[in-house]
**Student:** 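After the structure tokens below, expect a handful of questions from me.
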Amino acid sequence: MAGEQMRPASGQGKLEKSAAKLEESADQQVDSADRRTELAADRTVLAAERTYAAWVRTGVAALASGVGAGALLEGVVPQGLALATGSLLILFSGFCFFVAVRREMIRVAPPTPDTPRLPPAILIAVNGFLMLVSLAALVGVWLR
């Protein structure tokens, strides 16, 4: 009978070890899933910054194109068409600068990412300045 009691005890020890391993594995999976979620939030923030940069780049290109179109088309096409082309491209640049800030200000839902976001004050200041440059270019195209 003493041998019979030993078997369940050793079987119980194996069961305890197995339960401990399962608990440890479950904790690791939870930690791993949480980390993957945090990394996904970081990737979302970085993707938003790339989108912001793309909008600003498009706006600067449209601004340069608008000023260039106004200057290059003068004398080639009717004055009104050159003015309209330059104005439309410059207005589009202002739209791009506005949308860049608006999209970047959208907050990411929890979990909170580890990656810091661009400060809103800097976004507004830089894009506000770019919009003023667009307005000055528009006035310059019209007063030429």
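The first residue of the sequence shown is numbered 1, and numbering continues consecutively from there.
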**Student:** So do D42 and V45 actually touch side chain to side chain, heavy atoms under 4.5 Å?
**Tutor:** no
**Student:** State, yes or no, whether a side-chain contact exists between L63 and L89 at a heavy-atom distance under 4.5 Å.
**Tutor:** no
**Student:** Using the rule that two of Ile, Leu, Val, Met, Phe, Trp, Tyr join whenever any of their side-chain heavy atoms come within less than 4.5 Å, decide whether I122 and V99 are in one cluster.
**Tutor:** yes
**Student:** Would you mind reporting whether F97 and V101 have side-chain heavy atoms less than 4.5 Å apart?
**Tutor:** no
**Student:** By the definition side chain to side chain contact (heavy atoms under 4.5 Å, CB included), identify the one residue from V67, L143, V133, I90 that meets it with L138.
**Tutor:** I90
**Student:** So which heavy atom on C96 is nearest to which on G59, and how close?
**Tutor:** CB-CA, 3.6 Å
**Student:** Which value, rounded to the nearest 0.5 Å, describes the distance between S65 atom OG and L88 atom CG?
**Tutor:** 11.5 Å
**Student:** Among the clusters formed by ILVMFWY side chains lying less than 4.5 Å apart, do V141 and L81 turn up in the same one?
**Tutor:** no
**Student:** Following the transitive rule for hydrophobic clusters with a side-chain heavy-atom cut-off under 4.5 Å over Ile, Leu, Val, Met, Phe, Trp and Tyr, establish whether L46 and L123 coincide in one cluster.
**Tutor:** no
**Student:** Over all heavy atoms of both residues, which pair between E104 and R117 is shortest? Give the atoms and the distance, please.
**Tutor:** O-NH2, 2.5 Å
**Student:** Partners of E49 by salt bridge (Lys or Arg N to Asp or Glu O under 4.0 Å), sequence neighbours excluded?
**Tutor:** none
**Student:** Kindly give the heavy-atom pair with the smallest separation between Y52 and A100, and that separation in Å.
**Tutor:** CD1-O, 3.4 Å
**Student:** Report yes or no: do L118 and I124 belong to one cluster of Ile/Leu/Val/Met/Phe/Trp/Tyr joined by side chain heavy-atom distances under 4.5 Å?
**Tutor:** yes
**Student:** Report yes if the side chains of R103 and W55 come closer than 4.5 Å at any heavy-atom pair, otherwise no.
**Tutor:** yes
**Student:** Please report the interatomic distance CZ(R50) to CZ(R43), rounded to the nearest 0.5 Å.
**Tutor:** 10.5 Å
**Student:** Does any part of the side chain of N127, heavy atoms only, come nearer than 4.5 Å to the side chain of F98, both counted from C-beta?
**Tutor:** no
**Student:** Tell me, do F95 and L91 make a side-chain contact under 4.5 Å, heavy atoms counted?
**Tutor:** no
**Student:** What pair of heavy atoms forms the shortest contact from M131 to G94, and how long is it?
**Tutor:** CE-O, 3.7 Å
